[in-house]
Amino acid sequence: MMSQRPPSKIHPKVSTLPRQRTEAAHYLDLYKLTVEKKRIQQEIENLEKRRERLYTRLAEIDQEADRLNGLAGSIRIQDSQRLGTNGPRPDATATPSSNVFVPERPSTTQGDFNTVLLEY
C-alpha cells in the first residue's frame with residue numbers, strides 16, 4: 001500500500017511587496033479571504049459529491065457481487081443434482097481439460113550440425 005504524506009496546512013498567498021496599511025489594503029485582504037473561502041467551500045462540495053458517487057458505486061458493486069454469487073451457487077446446485085453428488089464436481093479442477101501433445105523431435109547426432117563462429 002502506498003504511504004501518503006499527511007496533508008499540510010494551506011498557507012495564504014503572500015505578496016512580494018508590502019502594502020501600506022490603508023483601508024483599501026484591508027478591503028483587498030478581505031476580498032482575498034472571501035475568494036479563498038468560496039474556493040474551499042466549492043472544493044468541499046465537489047469532494048462530497050465525489051464521495052457520494054463512490055459510495056453509490058460501492059453499493060452497486062456489492063449488489064452485483066451478491067447477484068453473481070447467487071447465480072454461481074444455483075448453477076453449482078443444479079450441476080450437483082444433475083450429477084447426483086453433493087460435493088464439488090470432479091471436473092471442476094484448475095487443470096485444463098484439453099490434451100496437449102508435444103511433437104516428437106528426431107534424435108540428432110553431433111555430426112548433423114554445422115558450427116559457425118561469430119566474433120563481435
Side-chain angles (χ1 to χ4, degrees):
M1 180 179 246
M2 289 181 48
S3 62
Q4 294 182 348
R5 265 190 326 172
S8 62
K9 181 182 174 197
I10 299 174
H11 298 286
K13 294 181 182 177
V14 178
S15 299
T16 56
L17 296 175
R19 291 184 307 273
Q20 294 180 2
R21 292 283 102 193
T22 63
E23 185 180 4
H26 291 295
Y27 281 118
L28 180 61
D29 289 339
L30 184 62
Y31 171 77
K32 284 182 180 180
L33 290 174
T34 304
V35 169
E36 184 178 8
K37 180 180 177 180
K38 286 181 183 178
R39 182 189 59 80
I40 290 173
Q41 287 173 338
Q42 184 65 38
E43 189 174 336
I44 289 172
E45 185 179 319
N46 290 340
L47 287 172
E48 288 172 354
K49 288 179 183 178
R50 179 164 165 72
R51 182 175 178 252
E52 287 301 316
R53 284 195 310 265
L54 291 173
Y55 276 124
T56 302
R57 181 64 184 141
L58 278 175
E60 290 171 358
I61 289 171
D62 287 340
Q63 288 175 354
E64 185 69 13
D66 290 342
R67 186 184 70 81
L68 291 175
N69 276 336
L71 287 175
S74 65
I75 290 173
R76 182 179 45 236
I77 290 171
Q78 289 173 358
D79 287 348
S80 65
Q81 289 173 351
R82 182 175 48 87
L83 294 173
T85 61
N86 291 334
R89 296 185 338 213
D91 60 341
T93 59
T95 58
S97 60
S98 62
N99 294 328
V100 177
F101 297 101
V102 179
E104 293 184 23
R105 297 177 189 232
S107 62
T108 59
T109 60
Q110 187 68 11
D112 292 343
F113 294 104
N114 293 329
T115 319
V116 177
L117 180 62
L118 297 175
E119 292 184 17
Y120 292 98

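Quick note: residue numbers are just sequence positions, from 1.
In this structure, Glu36 does not pair ionically with Lys32, as no charged nitrogen and carboxylate oxygen lie closer than 4.0 Å.
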As a quick check of understanding, evaluate side-chain contact (heavy atoms from CB on, under 4.5 Å) for Leu47 and Arg51, giving each step before the final call.
CA-CA 6 Å; Leu47 287 172; Arg51 182 175 178 252; over 6 Å; no
Intermediate values then yes/no, side-chain contact (heavy atoms from CB on, under 4.5 Å), Glu45 and Lys49:
CA-CA 6 Å; Glu45 185 179 319; Lys49 288 179 183 178; 3.5 Å; yes
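Here Ile40 contributes atom CD1 and Leu33 contributes atom CG; the two are 9.5 Å apart, rounded to the nearest 0.5 Å. Rounding to the nearest 0.5 Å gives a distance of 10.5 Å between NZ of Lys37 and CG of Leu30. Note that NE2 of His26 and CG of Asp29 are 7.5 Å apart. Values are rounded to the nearest 0.5 Å.
The one candidate from Arg57, Glu64, Gln63 that meets the side-chain contact (heavy atoms from CB on, under 4.5 Å) condition with Ile61 is Arg57.
Arg39 has its side chain within reach of Glu43: a pair of non-hydrogen atoms, C-beta onward, lies under 4.5 Å apart. Contact annotation: the side chain of Leu54 approaches that of Arg50 to within less than 4.5 Å [non-hydrogen atoms, C-beta and beyond].
The number of heavy atoms from other shown groups lying within 6.0 Å of CD (Gln41) is above 12.
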